[in-house]
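Got a structure here, written out as structure tokens. Questions coming.
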There are 2 protein chains.
Amino acid sequence: MSGAEDGATPAASTAPDDSAAPGAPRAAGRRRGRPAGSGAERGPATRERILETARALFAERGYEKTSVRAIARGAEVDQALVHHYFGTKEGLFSAAVAVTAGPVAERIAALGPLDPGRIGEEFTRAFLRVWEDPATRTPLLAVVRSALTHETAARIFREFIAGQLLSRLAGALPAEDAELRTELAAAQLVGTVLLRYVLRIPPLATTDPDTLVRQLAPVVQHHLTGAPLPTG
Amino acid sequence: MSGAEDGATPAASTAPDDSAAPGAPRAAGRRRGRPAGSGAERGPATRERILETARALFAERGYEKTSVRAIARGAEVDQALVHHYFGTKEGLFSAAVAVTAGPVAERIAALGPLDPGRIGEEFTRAFLRVWEDPATRTPLLAVVRSALTHETAARIFREFIAGQLLSRLAGALPAEDAELRTELAAAQLVGTVLLRYVLRIPPLATTDPDTLVRQLAPVVQHHLTGAPLPTG
DNA sequence: TCCAGTATTCATCGCATGATGAATAAATCG
DNA sequence: CGATTTATTCATCATGCGATGAATACTGGA
């Protein structure tokens, strides 16, 4: 609720949480049993729809405020089907954000040999690109929104910072306090993400990505390598 | 759970959530009715205990995961007493974190005439001081922990950034994009707080404040005024 | 001394939630 | 064809939650 525009995720276009006519059947009036034409390639459609809805809702409201029922409603299936596929709410969350770790880590790995002179800009740009792309933003938002209160989300977050950033970036840097510097750079970027994508506070929330990179890259570079910043 | 060391808040020393013997009375076996000796100065003691417990639990688990019942248990009172004093859970939260806005704003106001040449260091130092002091940290943590999922907390957070920082700091700066610069500086500090005090990821979480100020102040200064950073 | 106010517990309601087990219908495989 | 597996809904449970209203016991003022 209260959110401005909504992402680009098809199902659950803001608020599948309405009361759904008491006494009425759970799902969208569909008949019991396996539906006709659910074989082979059309198979994972429903499951995928549930995952997508879950991602959207977790991203919008965070773990605790998102109910399994709301997800089922948004995906237009019975609540029991969600449990059938994913076991527990926790399992659903893990499955929904599992898509996060892989692609993000890949994009970081794809940065290449990490030229120390341009590492600030390269990393800042790669970071913002994942957040600007709605497909990757949604699961990331789900993790971040939940990270302060839900242990699994917090773990994913921590492992990303510690595992991916600190080990990979700091490993490529010479200085003795490389880990601290890396984490301070991460703090700048995480803080930016928080104000821009999660809390959406203008003007940060409405600044174009290129401007952002221009402002942030030198700072990240400074944190990582101790390089001085240009005047202006 | 999972937390490392715990704050300095007296009541509710991690986990008042145990099952409390089924069938047993709600509060700590106290007798019904007004207790003897609850007049004048001893008056606000219970109420204050509830608030303190609430702060501690909200700070530790966030709004949604903290139940009124757990707070009552931690403060060793009946749940109904909490409602008696604060009406709703929402009201309790507001009362618990009301202590935040005032002191923080005062400390920012107390920064004085804001010498543009030292604004980065002064502000960074003031910011960290509030977070290092356990008395002010607890309610701040309660707000931040809840800010991503709870509307009231988000509002407080937003109003702090927009109302206090952007209007006051940006107002003292000349540049045209002063608001964006201020928000980027805020992003650096907020991100630091998140990794250090909320998620507690080392080495940031264990670095001494002076070192932090040394690393952060020039960056904040750069964001705010465009000043170049020293080599190193 | 009575009475209003206040601090406190007890008992209970209604609701939403996560989860489970059984029923049903189609797909798939032998 | 018949058996098994898979996709789906229905009905239901137990739990924990926020909230309310009444009962009780003390304080303080008229």
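Reminder, nothing fancy here: chain letters follow the sequence lines and each chain counts from 1. None of the values given here were measured: they were computed from a predicted structure.
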Test salt bridge (Lys or Arg N to Asp or Glu O under 4.0 Å) on Arg55(B) and Glu48(B) and set out the steps.
CA-CA 10 Å; Arg55(B) 256 172 238 132; Glu48(B) 207 44 57; 3.8 Å; yes

Looking at Thr46(B), I'd like to know whether one of its side-chain N or O atoms comes within less than 4.0 Å of OP1 or OP2 on dT8(C).
yes

For Val68(A) and for Ala80(A), locate the closest nucleotide of DNA chain C by heavy-atom distance; then report the residue assigned to the nucleotide nearer the 5' terminus.
Val68(A)

Separation of dA7(C) atom P from His84(B) atom NE2, nearest Å, is 5 Å

Find the distance Lys65(B):NZ to dG18(C):P and express it as a whole number of Å.
13 Å

Can you tell which of dA19(C), dA7(D), dT8(C) lies closest to the side chain of Leu81(A)?
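Among dA19(C), dA7(D), dT8(C), the one nearest the side chain of Leu81(A) is dA7(D).
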
Tell whether Arg32(A) reaches the base of dT9(D) with its side chain through a donor-acceptor pair below 3.5 angstrom.
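Indeed, a donor on one side and an acceptor on the other fall under 3.5 Å apart.
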
Figure out the CZ/P separation between Arg73(A) and dA16(C), and round it to whole Å.
10 Å

Calculate, to the nearest 0.5 Å, the distance between atoms CZ and CG belonging to Arg158(A) and Leu195(B) respectively.
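Reported to 0.5 Å precision, the distance equals 11.0 Å.
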
For dT8(D), does OP1 or OP2 lie under 4.0 Å from any side-chain N or O of Tyr85(A)?
yes

The ring pair (Phe, Tyr, Trp, His ring centres under 6.0 Å) partners of Tyr197(B) (sequence neighbours excluded) come to Trp131(B)

Length of the NZ-P vector between Lys89(A) and dG18(C), whole Å:
4 Å

Between Ser67(B) and dC17(D), does any side-chain N or O lie under 4.0 Å from OP1 or OP2?
yes

Rounded to whole angstroms, how far apart are CD on Glu48(A) and C1' on dA7(D)?
16 Å

Could you state the CD-P distance from Gln79(B) to dG16(D), rounded to the nearest angstrom?
13 Å

Taking CG from Asp78(A) and C1' from dT6(D), how many angstroms apart are they, rounded to a whole number?
16 Å

Separation of dT8(C) P from Arg47(B) CZ (nearest whole Å)
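So the two atoms are 11 Å apart, to the nearest Å.
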
Spacing of Ile50(B) atom CD1 and Leu81(B) atom CG [to the nearest 0.5 Å]:
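The distance works out to 4.5 Å.
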
State whether the distance check finds a donor on one side and an acceptor on the other, under 3.5 Å, for side chain Arg69(B) versus base dG18(D).
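Yes.
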
Pro202(B): partners by side-chain contact (heavy atoms from CB on, under 4.5 Å), with sequence neighbours left out
Thr206(B)

